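Reckoned from all heavy atoms, side chains included, excluding hydrogens, waters and symmetry mates. Just so it is clear, the structure is predicted and the values come from calculations on it, not from any experiment.
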Amino acid sequence: ATAGTCNPGTGSCSFADLDGDGVTCDTDCNDADPTIYPGAPECKDGKDNDCNQLKEDTVDCVCYADSDKDGYALASASSISASTCPSGYTNRKPDSNDPTTLDCKEGNASVFPSQTTYFQSSYCAFFRFGPPPNFEPICNKYSFDYNCDGAETQHYTAKASSICSVFSGPLFGCKGSGWVGDVPACGASGTYKSCSYNKLSQSCTSSTAARVQDCR
């Protein structure tokens with residue numbers, strides 16, 4: 001069995017990627033080995049790299065430098081040939097014509113194309129060096145772009161309704177949750193209204209609290 005986190009209101013689920021190869025445990029045939037995932041290139045390491053239940057061990061692996069070990073390499077990454085990829089390398093080929101294969105921030109294991117987690121703080125791409133106090137961190141344009149799609153995607157975008165109301169379906173729940181006032185930018189705080197369903201009374205209650213807008 002695989003463990004995931006599901007939202008009963010929307011029915012959507014997310015799963016962990018325990019080995020950091022960019023494929024979550026619900027579809028990875030071995031989520032404890034970053035060289036094994038559906039579609040991985042087969043190589044002479046005694047493993048079923050591509051999850052097709054065969055071990056096509058015919059050629060050495062081509063391994064691409066992946067210092068943050070997130071399973072993705074930069075387009076400019078150096079490569080080596082080996083019977084199995086050592087630590088700090090990935091067998092996923094970076095293809096300049098396919099952004100889903102490219103790391104957009106080497107050195108940060110949280111930044112890679114298949115990232116599904118949202119984050120409350122940005123990451124910095126490079127630094128401007130100078131004599132104190134002119135040591136200044138400069139973040140890249142999309143400093144919340146953790147999934148390398150060239151955009152900052154906000155986790156919560158809905159505005160709160162004036163009342164919380166019950167909706168029915170496979171599961172009972174409440175609608176009307178959202179931000180009170182303007183939707184805050186990534187990393188900024190705002191007031192968020194949450195609507196909760198009370199099974200005993202079969203009604204909705206609301207509460208408000210400060211929340212930081214997380215993004216990816």
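Every side-chain contact (heavy atoms from CB on, under 4.5 Å) that Ser165 has, sequence neighbours left out, goes to Lys175. Residues satisfying the side-chain contact (heavy atoms from CB on, under 4.5 Å) criterion with Ser189, sequence neighbours excluded, are Val212. In this structure Asp60 satisfies the salt bridge (charged side-chain N to carboxylate O under 4.0 Å, His left out) test together with Lys44, sequence neighbours excluded. Applying the side-chain hydrogen bond (donor to acceptor under 3.5 Å, both in side chains) criterion to Glu106, with sequence neighbours excluded, gives Ser67. Applying the side-chain hydrogen bond (donor to acceptor under 3.5 Å, both in side chains) test to Ser114 and every residue at least two apart in sequence or in another chain returns Tyr72. Not a single side-chain hydrogen bond (donor to acceptor under 3.5 Å, both in side chains) links Asp28 to another residue, sequence neighbours left out. Among residues two or more places apart in sequence or in another chain, the side-chain hydrogen bond (donor to acceptor under 3.5 Å, both in side chains) test is passed with Ser161 by none. Taking the side-chain contact (heavy atoms from CB on, under 4.5 Å) definition, one finds that Leu54 meets it with Asn52, Glu56, sequence neighbours left out. Tyr64 meets the ring pair (Phe, Tyr, Trp, His ring centres under 6.0 Å) test with no other residue; sequence neighbours excluded. Checked against salt bridge (charged side-chain N to carboxylate O under 4.0 Å, His left out), Lys47 has the following partners two or more places apart in sequence or in another chain: Asp33.
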Would Cys85 and Cys61 count as a disulfide (SG to SG under 2.5 Å) here? Give the steps. CA-CA 7 Å; Cys85 292; Cys61 304; 4.6 Å; no
Decide side chain to side chain contact (heavy atoms under 4.5 Å, CB included) for Cys164 and Thr205; before the verdict, give the C-alpha distance in whole Å, the side-chain angles of both, and the deciding distance to 0.1 Å. CA-CA 7 Å; Cys164 296; Thr205 58; over 6 Å; no
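Shown here for Leu102 and Asp98, the closest heavy-atom pair between the two residues is CG-O, 3.8 Å. Of all the heavy atoms in Ser162 and Lys193, the pair that sits closest is O-NZ, 3.2 Å. Nearest heavy atoms, Ala73 versus Ala65: CB-O, 3.4 Å.
Not a single donor-acceptor pair under 3.5 Å links the side chain of Gln213 to the backbone N or O of Ala188.
The side-chain heavy atoms of Val23 and Pro38, taken from C-beta on, include a pair separated by under 4.5 Å. The closest side-chain heavy-atom distance from Ile36 to Cys29 is below 4.5 Å. In this structure, Phe119 and Asp214 have side chains that are not in contact, with every pair of non-hydrogen atoms separated by 4.5 Å or more. By the 4.5 Å heavy-atom criterion applied to side chains, Gln202 and Tyr197 are counted as neighbours.
Side-chain heavy-atom separations under 4.5 angstrom define the hydrophobic clusters, and the remaining members of the one that includes Trp179 are Tyr156, Val183, Tyr192.
Atom CG of Asp182 is surrounded by 12 or fewer heavy atoms from other residues, nucleotides or ligands within 6.0 Å.
Annotation: the span from Asp31 atom CG to Phe15 atom CZ amounts to 11.5 Å, rounded to 0.5 Å. To the nearest 0.5 Å, atom CD of residue Glu152 and atom CZ of residue Arg216 are 13.5 Å apart. Here OH of Tyr146 is found 6.5 Å from OG of Ser110. Values are rounded to the nearest 0.5 Å. Within the model, atoms OH of Tyr37 and CG of Asn30 stand 13.0 Å from one another, a figure rounded to the nearest 0.5 Å. Annotation: the span from Asp103 atom CG to Ser76 atom OG amounts to 10.5 Å, rounded to 0.5 Å. Of the inter-residue distances, the one linking Asp50 atom CG with Cys43 atom SG reads 10.0 Å to the nearest 0.5 angstrom.
Linking Ile, Leu, Val, Met, Phe, Trp and Tyr whenever their side-chain heavy atoms come within less than 4.5 Å leaves Val111 and Leu74 in two separate clusters.
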Side-chain polar contacts of residues 87-96 - donor-acceptor pairs under 3.5 angstrom, sequence neighbours left out - could you list them?
from  : atom 1 : to    : atom 2 : distance (Å)
Ser87 : OG     : Lys69 : NZ     : 2.9
Thr90 : OG1    : Gly71 : O      : 3.2
Thr90 : OG1    : Arg92 : N      : 3.1
Asn91 : ND2    : Thr35 : O      : 3.3
Arg92 : NE     : Gly71 : O      : 2.9
Arg92 : NH2    : Asp21 : O      : 2.1
Asp95 : OD1    : Asn97 : N      : 2.9

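The SG atoms of Cys186 and Cys215 lie less than 2.5 Å from each other. Per the SG-SG cut-off, Cys174 and Cys204 are bridged by a disulfide [distance under 2.5 Å].
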